[in-house]
Engineer: 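Structure incoming, see below.
Index from 1, following the sequence.
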Amino acid sequence: MTEEYLKKLKEKIANLSSVEKEDRDIYLSKFGHGEFLGPKVGYSSVDKPWLGMYPTVMLQAFQNRRRFNRVIDNLDAVWTNDDEMINYYDNLITKREIFENALAMAKAFKSYGMNEGDSILASLESVPEYIELFLAVEMIGCSIKNYIGSKEEIVGLINDDNSIKLYVAPDYITKDVTDKIYNETDIKNIITIDPLLSVKDKSKVRELIKEEIDSRYTGNESNDSRNVSLYDFYLIGKEIDNNFVVNGVHNVFSSFTSGSTGKPKEVLFTSEAVLGIIDQLSLSPSHDGERDKWLFAFLPPSIAAGVIATMLYPLASGKTLILDPYCRLENLDLEMMHYEPNGWALIPLFFNVLLESERIPADYDMSYFKLFGFGAEPMTINFINKVQSFLEQHNCNIPFSSGYGLSEGGSGLTVALGKEMLSSGTSGIPMINTTLGIFEPKTDIELGYNQIGEICKNGPGLMSGYSDKKLTDEALKVHSDGTLWLHTGDHGFMTEQGLLFVLGRSGIRVYPDKVVFPLSIENKLCRIEEVKDAIVVSGDDKNNEGYELPYLFIVPEKDVDQVELLSKINTVINEEFQQEEKPEKVFFIEKKPIDHFKTDRKVLKKEYKL
């Protein structure tokens with residue numbers, strides 16, 4: 001196939017209408033099921049071989065889905081006024097309450113001078129009021145940015161962004177923080193929120209939650225007269241008779257990347273992008289009888305996955321959302337047993353709490369789960385097997401799902417379902433309306449199957465950009481066929497069956513010209529029974545400028561003889577590793593360092609002066 005032919009074919013596909021593209025997807029699904037015969041062109045973005053793993057009826061249902069322009073319209077269609085949308089510490093909150101409060105907020109924001117394109121900076125945990133804020137700013141053409149950080153970071157964000165007009169924080173915000181904001185920024189008012197404002201019956205809040213909330217109050221809380229409680233803010237809005245007309249598409253919220261590869265970046269999203277992901281996650285919002293319960297614990301609404309996939313998606317698909325922001329990490333086991341949710345999106349850090357818990361009885365029945373989802377960072381095959389074994393031990397025989405995602409792509413790009421697929425090391429197949437291609441890094445030259453390159457995404461759910469235009473131009477690129485692609489910066493390859501294998505960021509460039517990807521090394525070592533975690537970190541090659549060397553950090557299981565374990569590790573290295581994969585040095589550490597809920601390789605690199 002000539003490059004010219006491929007270019008013309010891609011241009012033709014790019015010019016199809018959305019309905020025509022979905023018709024083509026149904027055809028490709030039937031092609032993948034063997035109903036039709038014909039040649040493949042050898043490039044995943046055109047062939048879409050993963051569609052053969054989706055039932056044709058599912059693609060047809062997706063094509064016939066109801067479509068919305070705003071998240072609030074989606075929720076309005078799924079819930080009646082008296083439906084209980086949210087469980088907040090065993091207090092149930094109806095759609096009517098959420099919507100009325102959101103409308104009051106929107107009117108109050110307008111009375112405080114908020115205009116289309118303006119934004120609100122918040123430092124909130126995942127409380128019900130965050131959802132009300134999201135819906136309120138969507139109504140008036142504004143956006144919400146949630147960031148929990150130091151007072152210097154908060155002031156810096158406000159001063160760097162002229163769109164920020166108000167700041168929202170819990171009422172345990174301290175005087176030194178509000179003084180700095182009022183003295184060093186143009187913010188005129190700070191809206192403060194009681195963490196239990198939405199709780200009608202405080203006797204239902206358990207002691208372990210009260211203790212955590214009480215610990216947030218230091219005795220130095222701000223009582224500045226310019227602060228306005230959210231309760232009073234509601235009252236202001238309810239006094240106003242106002243209608244809103246929003247012109248065109250606008251950013252509705254910002255998330256922040258974890259900073260695992262550098263400084264955290266602000267990622268901007270429109271309602272259209274949010275719905276682009278929700279659509280692919282919630283194909284069937286209907287329910288029979290009692291609604292499913294979805295748990296969202298501990299994580300703040302500062303990351304895209306937290307807002308889109310674990311707060312808004314459950315609500316948009318008709319699931320009761322259990323919000324548990326003031327749960328301590330070490331108590332996640334107790335929260336799971338208390339709420340008995342049907343669904344829970346976890347990260348490896350969370351599941352480790354369950355694996356290591358001495359409070360979960362050996363015969364505890366977890367059959368109430370219908371879905372376990374994982375994200376945040378790749379899991380080793382050894383960890384996947386531990387998870388599956390734990391679930392089976394506790395009578396939870398459902399397949400758990402995982403996938404590859406990143407904030408810039410709207411959180412989720414792929415889904416991997418079931419032990420067989422996950423244990424193969426794959427990150428799964430692209431979501432139902434997502435197109436993935438493997439390209440030569442930073443170019444629009446697509447690579448064929450099983451060739452390692454940069455993973456790129458085309459389709460709904462893309463960020464509208466970063467707050468930094470230069471970074472946006474580097475990540476979002478219009479290819480020669482006229483389509484917009486997100487260049488993820490991650491490397492991987494796609495098989496002819498449509499399975500994506502993610503290898504990680506740029507890899508470790510080893511002299512003379514080899515690239516090593518940490519996950520492949522970690523998988524080999526985590527097969528050793530006594531290895532709890534293996535972490536590969538790059539360090540400078542002192543003898544070859546511009547090149548790096550892999551260093552290995554091992555977290556052993558309890559009461560393991562490190563001398564014997566090192567011998568086993570060296571055996572695996574000598575028998576299974578390529579020369580460029582062999583670590584320069586092996587270190588033993590007590591536990592894996594974590595930052596922003598992910599493995600912190602940067603701190604190891606710094607601490608060990610690599």
Engineer: side-chain contact (heavy atoms from CB on, under 4.5 Å) for T435 and K457? Distances and angles first, verdict last.
Structural biologist: CA-CA 6 Å; T435 300; K457 170 186 173 175; over 6 Å; no

Engineer: What's the verdict on side-chain contact (heavy atoms from CB on, under 4.5 Å) for M336 and L354, showing C-alpha distance, side-chain angles and the deciding distance?
Structural biologist: CA-CA 9 Å; M336 178 192 75; L354 305 186; 3.9 Å; yes

Engineer: Quick one: does any side-chain atom of E138 pair with a main-chain N or O of I72 as donor and acceptor, under 3.5 Å?
Structural biologist: yes

Engineer: Can you confirm whether the side chains of S143 and N251 place a donor and an acceptor under 3.5 Å from each other?
Structural biologist: no

Engineer: Are any non-hydrogen side-chain atoms of L312 and L275 less than 4.5 angstrom apart?
Structural biologist: no

Engineer: Begin from the C-alpha positions of I322 and W294 and carry the test side-chain contact (heavy atoms from CB on, under 4.5 Å) through to its verdict.
Structural biologist: CA-CA 6 Å; I322 303 169; W294 184 276; over 6 Å; no

Engineer: Using a distance-only test with no angle check, is there a side-chain donor-acceptor pair under 3.5 angstrom linking E408 and Y466?
Structural biologist: yes

Engineer: Side-chain contact test, heavy atoms from C-beta onward, threshold under 4.5 Å: evaluate it for I535 versus L604 and give yes or no.
Structural biologist: yes

Engineer: Tell me whether R70 is salt-bridged to E272, with the criterion being a basic N under 4.0 Å from an acidic carboxylate O.
Structural biologist: no

Engineer: What distance separates L92 CG from D83 CG, expressed to the nearest 0.5 Å?
Structural biologist: 11.5 Å

Engineer: Identify the heavy atoms of A316 and N74 that sit nearest to each other, and give their distance.
Structural biologist: O-OD1, 3.5 Å

Engineer: Is M366 close to L391 at the side-chain level, that is, under 4.5 Å between some pair of heavy atoms?
Structural biologist: yes

Engineer: When you measure from the side chain of T472 to the backbone N and O of D468, does any donor-acceptor pair fall under 3.5 Å?
Structural biologist: yes

Engineer: How about NZ on K210, more than 12 heavy atoms from neighbouring residues, nucleotides or ligands closer than 6.0 Å, or not?
Structural biologist: yes

Engineer: Of the non-hydrogen atoms in I148 and P300, which two are nearest, and what is the gap between them?
Structural biologist: CD1-CB, 3.9 Å

Engineer: With side chains defined as the heavy atoms from C-beta onward, is the minimum distance between V127 and L323 less than 4.5 Å?
Structural biologist: no

Engineer: Between R328 and E212, is there a salt bridge with N-O shorter than 4.0 Å?
Structural biologist: yes

Engineer: Please identify which of these residues, T178, T174, D176, meets the side chain to side chain donor-acceptor pair (under 3.5 Å) condition with K151.
Structural biologist: D176

Engineer: Using a strict cut-off of less than 4.0 Å between a Lys/Arg side-chain nitrogen and an Asp/Glu carboxylate oxygen, indicate whether D76 and K95 qualify as a salt bridge.
Structural biologist: yes

Engineer: Relative to each other, are the rings of Y326 and Y172 parallel, tilted or perpendicular (30° and 60° limits)?
Structural biologist: perpendicular

Engineer: Measure the CG-SG distance between L166 and C142 for me, rounded to the nearest 0.5 Å.
Structural biologist: 9.5 Å

Engineer: Any donor and acceptor pair, going by atom type alone, linking the side chain of T94 with main-chain N or O of E84 inside 3.5 Å?
Structural biologist: no

Engineer: Are E266 and K145 ion-paired here, with the side-chain N under 4.0 Å from a carboxylate O?
Structural biologist: yes

Engineer: For the pair F517 and H491, name the ring-plane relationship: parallel under 30°, tilted 30 to 60°, perpendicular over 60°.
Structural biologist: tilted

Engineer: If I compare all heavy atoms of A136 with all of A102, which pair ends up nearest, and what's the gap?
Structural biologist: CB-O, 3.4 Å

Engineer: So does R206 pair up with E211, basic N to acidic O under 4.0 Å?
Structural biologist: no

Engineer: Keeping K165 on the side-chain end and I187 on the backbone end, is there a donor-acceptor pair under 3.5 Å?
Structural biologist: no

Engineer: Hey, what do you get for OG (S198) to OH (Y89), rounding to the nearest 0.5 Å?
Structural biologist: 11.5 Å

Engineer: Can you give me the closest heavy-atom contact between I508 and P518, atom names plus distance?
Structural biologist: CD1-CG, 4.3 Å

Engineer: State whether the side chain of T310 and the backbone N or O of A305 hold a donor-acceptor pair below 3.5 Å, judged by distance alone.
Structural biologist: yes

Engineer: In terms of side-chain geometry, is the basic nitrogen of K470 or D473 positioned less than 4.0 Å from the acidic oxygen of its partner?
Structural biologist: no

Engineer: Which word best sums up how the rings of W344 and F369 line up, parallel for under 30°, tilted for 30 to 60°, or perpendicular for over 60°?
Structural biologist: parallel

Engineer: Check this for me: does any side-chain nitrogen of one of E522 and R601 sit under 4.0 Å from a carboxylate oxygen of the other?
Structural biologist: yes

Engineer: Less than 4.5 Å apart, any side-chain heavy atom of E125 and any of R216?
Structural biologist: yes

Engineer: So, taking the atom named CG in N146 and the one named OG in S255, what distance separates them when rounded to the nearest 0.5 Å?
Structural biologist: 10.5 Å

Engineer: Determine whether a donor-acceptor pair (N or O, by modelled atom type, separation under 3.5 Å) exists between the side chain of T414 and the backbone of S427.
Structural biologist: yes

Engineer: So, S317 side chain and Y313 main chain: donor-acceptor pair closer than 3.5 Å or not?
Structural biologist: yes

Engineer: Does a side chain donor of either D171 or Y217 reach within less than 3.5 Å of an acceptor in the other side chain?
Structural biologist: yes

Engineer: Please check this pair: side chain of T185 against backbone of I181, looking for a donor-acceptor N/O pair closer than 3.5 Å.
Structural biologist: yes

Engineer: Answer with yes or no after comparing the ring centroid distance for F439 and W485 against a 6.0 Å cut-off, counting only values under it.
Structural biologist: yes

Engineer: Side-chain contact, heavy-atom cut-off 4.5 Å: D90 with N87?
Structural biologist: yes

Engineer: With a 6.0 Å cut-off on the ring centroids, do F390 and F351 count as close?
Structural biologist: yes

Engineer: Compare every heavy atom of P430 with every heavy atom of L436, then report the nearest pair and how far apart it is.
Structural biologist: CD1-CG, 3.7 Å

Engineer: Backbone N or O of E116 within a donor-acceptor pair of the D118 side chain at under 3.5 Å?
Structural biologist: no

Engineer: Can you list everything that forms a salt bridge (Lys or Arg N to Asp or Glu O under 4.0 Å) with K605? Sequence neighbours excluded, please.
Structural biologist: none

Engineer: Got a second to check how far K592's NZ is from D533's CG, nearest 0.5 Å?
Structural biologist: 4.0 Å

Engineer: State, with a plain yes or no, whether a side-chain heavy atom of F62 is found less than 4.5 Å away from one of N433.
Structural biologist: yes

Engineer: Go through S123 and I154 one step at a time and tell me if the side-chain contact (heavy atoms from CB on, under 4.5 Å) criterion holds.
Structural biologist: CA-CA 9 Å; S123 296; I154 297 300; 3.5 Å; yes

Engineer: Ignoring hydrogens, what is the shortest heavy-atom contact between V307 and P301? Give both atom names and the distance.
Structural biologist: CG2-O, 3.5 Å

Engineer: Could you tell me if the ring centre of F109 sits under 6.0 Å from that of F233?
Structural biologist: yes

Engineer: Has the side chain of W79 got a donor or acceptor atom that lies under 3.5 Å from a matching backbone atom of L315?
Structural biologist: yes

Engineer: Nearest 0.5 Å, please: how far is NZ in K265 from CE in M463?
Structural biologist: 8.5 Å

Engineer: Any side-chain donor-acceptor pair under 3.5 Å between Y234 and E132?
Structural biologist: yes

Engineer: Does some side-chain heavy atom of I429 sit less than 4.5 Å from a side-chain heavy atom of L499?
Structural biologist: yes

